Amino acid sequence: MKQISSIQGYHAHVYFDADSLQAAITLCDTAAARFGVQMGRIHEKPVGPHPMWSCQLAASPAQFSELLPWLALNRGDLIVFAHPETGNALEDHRDHSIWLGCGLDLDLSIFD
């Protein structure tokens, strides 16, 4: 069995498009201010394994325990992809992921 002590942090990726850009910015800005999580850049193109435009929220395990339920209640129509940071990026993205909204196909080939 894997131990949760291997989790150094979490990433929550908020997905959006041109029509939902402002909603995503508002959600991410509010989350960063409310929970003290680190907000990444607003990517208006797919980046890395992510199939849509996105913004990353980086959280400690303690922050994530409050962030995830808040995102579940406040994401509106936005899709959120979250995963732990254990040091194994492929497994974290493929096997340990959490989806709020519909799941999407990631481009996992970047982890080869």
Side-chain angles (χ1 to χ4, degrees):
M1 300 298 288
K2 296 181 179 183
Q3 301 300 312
I4 60 171
S5 60
S6 68
I7 300 172
Q8 295 107 30
Y10 288 87
H11 289 166
H13 302 272
V14 177
Y15 291 157
F16 56 92
D17 59 20
D19 294 332
S20 57
L21 172 61
Q22 192 53 54
I25 291 170
T26 299
L27 183 72
C28 291
D29 281 340
T30 303
R34 181 178 182 117
F35 300 103
V37 297
Q38 181 181 4
M39 180 178 156
R41 288 179 286 165
I42 301 291
H43 294 284
E44 294 183 42
K45 63 180 181 178
V47 174
H50 306 290
M52 293 182 66
W53 299 3
S54 64
C55 180
Q56 176 181 286
L57 299 169
S60 70
Q63 290 169 320
F64 190 73
S65 70
E66 294 185 11
L67 175 65
L68 187 67
W70 183 87
L71 288 171
L73 295 177
N74 292 286
R75 68 179 180 82
D77 292 332
L78 298 169
I79 297 168
V80 178
F81 168 70
H83 62 85
E85 287 288 297
T86 66
N88 186 322
L90 176 59
E91 286 184 5
D92 291 344
H93 285 78
R94 183 190 63 204
D95 303 333
H96 309 307
S97 58
I98 301 164
W99 289 94
L100 301 177
C102 65
L104 301 172
D105 290 331
L106 301 176
D107 178 6
L108 299 176
S109 67
I110 69 161
F111 301 118
D112 290 340

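The first residue in the sequence is number 1, and the count goes up from there. Keep in mind it's a predicted model, so treat the numbers as computed, not measured.
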In terms of hydrophobic clustering (I, L, V, M, F, W, Y; side-chain heavy atoms under 4.5 Å; direct or indirect links), are M52 and F16 co-clustered? no
Please name the pair of heavy atoms, one in F111 and one in A89, separated by the smallest distance, quoted to 0.1 Å. CE2-CB, 3.5 Å
Determine whether the side chains of S109 and D112 contain a donor N or O and an acceptor N or O closer than 3.5 Å. no
Side-chain touch V14/S54, heavy atoms, less than 4.5 angstrom: no
Between W53 and Y15, does the ring centre distance come in under 6.0 Å? no
Counting only heavy atoms not in E44, do more than 12 sit closer than 6.0 Å to its CD atom? yes
At their closest point, which heavy atom of T26 faces which heavy atom of T30, and how far apart are they? O-OG1, 2.7 Å
CD1 (I4) with more than 12 external heavy atoms under 6.0 Å: no
Set out, in order, the CA-CA distance, both residues' side-chain angles and the distance that settles side chain to side chain contact (heavy atoms under 4.5 Å, CB included) for F35 and E66, then state yes or no. CA-CA 8 Å; F35 300 103; E66 294 185 11; 3.8 Å; yes
Is there a side-chain contact between V80 and I98 (heavy atoms, below 4.5 Å)? no
Determine yes or no for a side-chain-to-main-chain donor-acceptor pair under 3.5 angstrom, with Q8 supplying the side chain and S6 the backbone. yes
Non-hydrogen atoms of G48 and D107 that approach each other most closely: O-CB, 4.5 Å
Any side-chain heavy-atom pair from M39 and C55 closer than 4.5 angstrom? yes
Do other residues, nucleotides or ligands put more than 12 heavy atoms under 6.0 Å from the CG atom of D77? no
If you take all heavy atoms of Y10 and P84, which pair is closest and at what distance? CD2-CA, 3.5 Å
Classify the ring geometry between H93 and H50 as parallel (under 30°), tilted (30 to 60°) or perpendicular (over 60°). tilted
Whether the side chain of E91 engages the backbone of N88 through a donor-acceptor N/O pair (distance < 3.5 Å, no angle test) should be reported. no
In terms of relative ring orientation, are H83 and H11 parallel, tilted or perpendicular, with 30° and 60° separating the classes? perpendicular
Closest heavy-atom pair, P49 versus I110, reported as atoms and distance to 0.1 Å, is CD-CD1, 3.3 Å
Work out which heavy atom in L78 is nearest to a heavy atom in R75; give both atom names and the distance. O-NH1, 2.6 Å
L57 with L21, same ILVMFWY side-chain cluster at under 4.5 Å: yes
Below 4.5 Å, heavy atoms only, C-beta onward: do L100 and F81 meet side chain to side chain? no
Is any side-chain heavy atom of L27 closer than 4.5 Å to one of L71? yes
Got a donor-acceptor contact below 3.5 angstrom from the S60 side chain to the Q63 backbone? yes
Side chains of C102 and I79: does their closest heavy-atom pair fall under 4.5 Å? yes
Is the shortest side-chain heavy-atom distance between P51 and L106 below 4.5 Å? yes
